Each structure stands twice: as structure tokens, then as C-alpha cells.
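This one's a predicted model, so the numbers in the text were calculated from it and none came from an experiment. Chain naming here is simple, since letters A, B, ... match the order of the sequence lines and numbering starts at 1 in each.
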There are 2 protein chains.
Amino acid sequence: MDFSKIDLFEGIKGSEVNCMMSCFGAVFRTFRAGATVYDYPESGDEVGVMLKGGATMIRTDENGEVSVMEIFAEGDIFGEVLAFSNAAGDSVKVIAESDCEVMFIKYSQITKRCEKACEHHSRLVQNMFGLIAKKTLSLSQRIEILSKRSTRDKLMCYFRILARTCGDEFELPMSVTRLAAYVSADRSAMTRELSRMQADGLIEINKKKIRLKKVC
Amino acid sequence: MDFSKIDLFEGIKGSEVNCMMSCFGAVFRTFRAGATVYDYPESGDEVGVMLKGGATMIRTDENGEVSVMEIFAEGDIFGEVLAFSNAAGDSVKVIAESDCEVMFIKYSQITKRCEKACEHHSRLVQNMFGLIAKKTLSLSQRIEILSKRSTRDKLMCYFRILARTCGDEFELPMSVTRLAAYVSADRSAMTRELSRMQADGLIEINKKKIRLKKVC
DNA sequence: CTCAAAATGTTGCAAATGCAACAACCATTT
DNA sequence: AAATGGTTGTTGCATTTGCAACATTTTGAG
């Protein structure tokens, strides 16, 4: 297993990473696309580290309304203690978007100093620090999107965020149906709005390929 | 200054806290209600710790649209590195809701180990950890609220969250105008909806006092 | 290949919401 | 007391949005 690309272990040698695994009681699992990676009511204080592939955190409320909470790519971490409140007791799951590989460790083992006082434990804490900061950033981005009043503004806001890393032409990192859940809009209404946006010359859209046309 | 109630310093003796202040280059300031506590484009890598009073983080976009991003009470921390993306380059400020007292420290001084290697520095990092986790929780709560489709659902979601800590009868922690910004709805439309909710027997509302009536 | 399930695209209609404009109220300052 | 600025409450109207229902296309499994 190559951990060199995983941010959580940055600055920690591969050999030492393996050594740390026993402290953490790390467990490795692989999942097929569509499988449930993490089921919140059950998964206690475990932290998941996405080693390979991608997944989406999905909340389903009592009315069956679905909303996308977070999107995980390689290197991202997730877990109940890390990220969210489940106020309403809704069902919250992480679903594999593609085949993926995940490492699970106990949160409590990370935050408390282990008896052996691994030298690299504190570095790991620092890394974790940075990852959580990154996560708050993405949550905050989501809030920026959701706080727009109209579906059009929400979409434009999201597209501009994507464009900042990918340029004015990019591919949606999720299905249109998921996108609707992500911006918290009705799918059909959103599709209608996407058409209008194209008609108004704001974007060009072809399947999942999108091109921002106007600078703004 | 009494730090015993500030989560960031939990488990660190008062005398040692004072000792640490020099490492951090802590600066203390007081603000009147309505004053600007923190202005993001300018305030670099500083972390604010709310020692006394309360404040609100407000984003204003290019159209003058206002949205409340976070609400800070005693013990909460805030800062650019901690929480948010400013994608659009909008104006983001922290405004004192009441008279308040804030301590500012440099983020970089917290994350990097200081030369003196204070014994308690690592405890501070652990505490900071917990605070950020708490922050992600509140961001995630906000997302839970914003991802509801209707204004009524947003409000009920928020009220239930408040009720969990305060019981079925509580006082709004912000003005109605701010509440509208928080749930990202038009103020007048929200007021209208609040009346309807009362008419429908869901809540009783009197100024800022709210009572949840139906269990659900 | 074939079938079933899921995703996508489209439309009409009713309801919710934003918007604008206004009046009433409150607190603070002069 | 008067003036000022901010918050609150209300209403009519145009627009947006959600919702439901349906046809079409794509995907995946056997």
C-alpha cells in the first residue's frame, strides 16, 4: 500500500506509517461502486480515509428527500465526529461513486497520545488538522452555494468554483441527479433552468461537459 | 483575565496560559455592539477567540445580498484559515452583536511547535482540534437547514436544533432580519411564513420568543 | 443480446417565494 | 422634543420553483 499520496500521512515515512497502523487498529476495505461505505448510526467513532476512488455522503430525511452532504476524493477523510450533526436522526450514508478503497481508524486513537508515544503521532495530528480545515472549507463552499436564492445563482456559483480549478471548460464530478441534490433543487426544475441558462448564453452544456461562456 | 471557561485553554493552568501568550503574540481588543471585529481581506492568518459577548460572520456579495455565515458565542474561534472559502471575493466581516472582547493570535504560531516547546502547546493543539470539529458541526447544521426546500422546513429545522439545547421554548439568538439571512430567505416572505406557521398551530411566536407546539 | 432499473429530458399547473413599496415601531442622538 | 436610522410587519404582484406525470435514453446485470 502506497501512502505517499495521502495527505494524512504527509511527512511520515512509509515504514513508520505501517508501524503506526497497529496503534490505530487500522482496517482496510474495498467497495464496489454503489456500495455503502459508511452508515452513520452504526459506524461510531471511526474515521474513514479514502485511499482510492470516490464517494458521496448522502442524507435522506424522513420524507425520503435526498441531499448530498459531501463529496470525497482520494485523500479525503470522513466520520461522524469530524463533520456533521444528525439533528433529525436522518439516515446518513457514504456511498461509493466508483470502486474504492478505504482505511478505517479509531478517532479516539488519533486524538489521544498513544502509550508508545510515537514520534510521528504529533505530525499526524497536525496533518489531520489541515484536513479538517480543508473540510470546513468545502462545507463553507457548499453554504456559499446554498445561500444563493435562485437555482440559477446556485448553479453559477458552483460552476465558478469548479472553473477556478479546472478552467472554463470542465466535466461535472457527479450525475445531474446528484447535482440537483447538491444544490438542493428539484431535478426537473434544475434541468429546465440549465436549458434556460444555455439559451441565455451563460453556459454551453453537453451531457456532463460544461463550458462557462461569459466572464463575470 | 479568566480563561478557565474558554475551551481553547481547557486543561491548561491560568498561569501557564499567560506564559503561552507571549509565544502567540496574543492581542486583546474590545468592541462595541455593531462594530467590525474582523475584516477578512485584511486580517490575514489571525485567529480570533471570542472571550466575551457574541458576534456574527456576515458575507455580502456583489449584489449587496447579505448572508449570515456563522454565529459566534463565548469560547468560539474564527479566522480565515479556519473556516471558509471566499470564492467570489465577497466582503466577509465579523460584526459584534453585543459588546464583546476578543483575543487574536497568529494561526501559524499555533500549528507550528514553538522553539521553547511549551509543554502545553500540544494540549492547545488538541483543544483547537476539538473546536474546529465543533465548528464543522455547526457548518454542517447550517447545511442541513439550507438544504431544506421550503422556508417553513428551514425554519422548523432550525427551531428544532435550538430546542434540542434550550427546550421547546426559547429566544432567538439573533434579530428576525438576521434570521432571514441565516436561513437565506427573503425577510418579508419569511415573516409571512412565520405567521402562517403560527396560524397552523406549529409554533407560538412573540417578538423573539418562540415556542414549539407540535412534537414531530 | 435482452431485460430491468436508473438517469435524463420535457411539460402543465399550483404553490411558494422574491421583490417592491409602505407604514409602524423602536432606540439613539442632537 | 425632534430627527434619524434601523428593525419589524403587511400586502399585491410577477416569477420561480416544486411537483407529478410521462417519454426517452443510458447503464448494468444476467
Side-chain angles (χ1 to χ4, degrees), chain A residues 31-35 56 58 60-61 63-68 95-99 145-156 171-200 202-203 205-210, chain B residues 32-35 56 58 60-61 63-68 95-99 145-157 171-200 202-203 205-210:
Chain A
F31 300 88
R32 308 241 110 217
T56 322
I58 309 244
T60 310
D61 72 11
N63 308 317
E65 209 62 68
V66 167
S67 73
V68 173
I95 306 290
E97 285 293 316
S98 58
D99 289 359
I145 293 168
L146 289 180
S147 62
K148 303 291 177 192
R149 301 276 173 86
S150 70
T151 303
R152 174 174 298 204
D153 285 348
K154 286 178 184 172
L155 290 171
M156 284 307 289
E171 187 146 345
L172 284 181
M174 61 185 116
S175 74
V176 176
T177 304
R178 281 279 156 77
L179 177 61
Y182 184 73
V183 303
S184 200
D186 178 76
R187 184 190 59 80
S188 64
M190 191 190 80
T191 307
R192 180 171 31 195
E193 189 57 35
L194 279 172
S195 310
R196 284 197 202 128
M197 289 165 72
Q198 181 157 21
D200 291 351
L202 284 171
I203 59 170
I205 180 167
N206 187 325
K207 297 281 170 193
K208 288 189 179 178
K209 280 221 176 291
I210 294 186
Chain B
R32 309 239 111 218
T56 323
I58 308 239
T60 310
D61 72 11
N63 308 317
E65 209 62 70
V66 168
S67 72
V68 173
I95 306 291
E97 285 293 315
S98 59
D99 291 358
I145 293 167
L146 290 180
S147 62
K148 303 291 177 192
R149 300 274 173 88
S150 71
T151 303
R152 174 174 296 204
D153 285 347
K154 287 178 185 173
L155 289 170
M156 285 307 289
C157 181
E171 187 146 345
L172 283 180
M174 61 186 118
S175 74
V176 175
T177 304
R178 282 279 157 75
L179 176 62
Y182 184 72
V183 303
S184 200
D186 178 75
R187 184 190 58 81
S188 64
M190 192 191 78
T191 307
R192 187 191 317 167
E193 189 57 35
L194 279 172
S195 310
R196 283 198 203 126
M197 288 165 74
Q198 181 157 21
D200 291 352
L202 284 171
I203 58 170
I205 179 167
N206 187 325
K207 298 279 170 194
K208 287 188 179 178
K209 280 223 176 290
I210 293 187

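Rounded to the nearest 0.5 Å, atoms OG1 (A/Thr151) and CE (A/Met190) are 8.5 Å apart. Here B/Ile210 contributes atom CD1 and B/Leu202 contributes atom CG; the two are 12.0 Å apart, rounded to the nearest 0.5 Å. Expressed to the nearest 0.5 Å, how far OG1 of A/Thr56 lies from CZ of A/Arg178 amounts to 5.0 Å. The distance from the CD atom of A/Gln198 to the CG atom of A/Asn206 is 8.5 Å, given to the nearest 0.5 Å. One distance of note links CZ of A/Arg152 with CE of A/Met197; it measures 6.0 Å at 0.5 Å rounding.
Of the candidate nucleotides D/dT17, D/dT8, C/dT17, D/dT17 has the atom lying nearest to any side-chain atom of A/Ala189. Among the nucleotides D/dT8, D/dT17, C/dA7, the one closest to any side-chain atom of A/Arg196 is D/dT17. Each of C/dT8, C/dT17, D/dT10 was ranked by its minimum atom distance to the side chain of B/Glu193; first place goes to C/dT17. In this structure, the nucleotide among C/dA16, C/dG12, D/dT8 sitting nearest to the side chain of B/Ser150 is C/dA16. Comparing C/dA7, D/dT10, D/dG18 by their nearest atom to the side chain of A/Arg192 picks out D/dG18. The nucleotide whose nearest atom lies closest to any side-chain atom of B/Ser195 is, among D/dT17, C/dT17, D/dT10, D/dT10.
Rounding to whole angstrom units, CZ of residue B/Arg152 and C1' of C/dT17 are separated by 14 Å. Put simply, CG on B/Leu194 is 11 Å from P on D/dT10, counting in whole angstrom units. In this structure, the CZ atom of A/Arg149 is 18 Å from the P atom of C/dA16, given to the nearest Å. For the pair B/Met190 CE and D/dT10 P, the interatomic distance rounds to 13 Å; values are reported in whole Å. For the pair B/Ile58 CD1 and D/dG6 P, the computed distance is 14 Å after rounding to whole Å. Rounded to an integer number of Å, the gap from A/Ile205 CD1 to C/dT8 C1' is 11 Å. As a whole-Å value, the separation of A/Ile95 CD1 from C/dA6 C1' is 15 Å. Separating the NZ atom of A/Lys208 from the P atom of C/dA7 is a distance of 10 Å, rounded to the nearest angstrom.
Applying the side-chain hydrogen bond (donor to acceptor under 3.5 Å, both in side chains) rule to A/Ser184 yields no partners; only residues at least two apart in sequence or on another chain are considered.
For the helix from C/dC1-D/dG30 to C/dT30-D/dA1, the rotation axes defined at the first and last 5 base pairs enclose an angle of 50°, given to the nearest 10°.
A donor-acceptor contact shorter than 3.5 Å is absent between the side chain of B/Asp99 and the backbone of B/Arg32.
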Next on the checklist: Let's go through B/Lys208 and B/Glu171 carefully: what are the C-alpha distance in whole Å and the side-chain angles of both, what is the deciding distance for salt bridge (charged side-chain N to carboxylate O under 4.0 Å, His left out) to 0.1 Å, and is it a yes or a no?
Outcome noted: CA-CA 5 Å; B/Lys208 287 188 179 178; B/Glu171 187 146 345; over 6 Å; no

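Closest of all the heavy-atom pairs between B/Leu146 and B/Tyr182 is CD2-O, 3.8 Å.
Two residues, B/Thr177 and A/Lys154, neighbour DNA chain D, and the one matched to the more 5' nucleotide by heavy-atom proximity is B/Thr177.
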What nitrogen or oxygen pairs link the protein and nucleotides 20-29 of chain D at under 3.5 Å?
| residue | atom | partner | partner atom | Å |
| --- | --- | --- | --- | --- |
| D/dA20 | N6 | A/Ser188 | OG | 3.3 |

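Looking at B/Leu155 and B/Lys148, their side chains never come closer than 4.5 Å, going by heavy atoms from C-beta outward.
Residue A/Thr191 has no polar side-chain atom (N or O) positioned under 4.0 Å from OP1 or OP2 of C/dT8.
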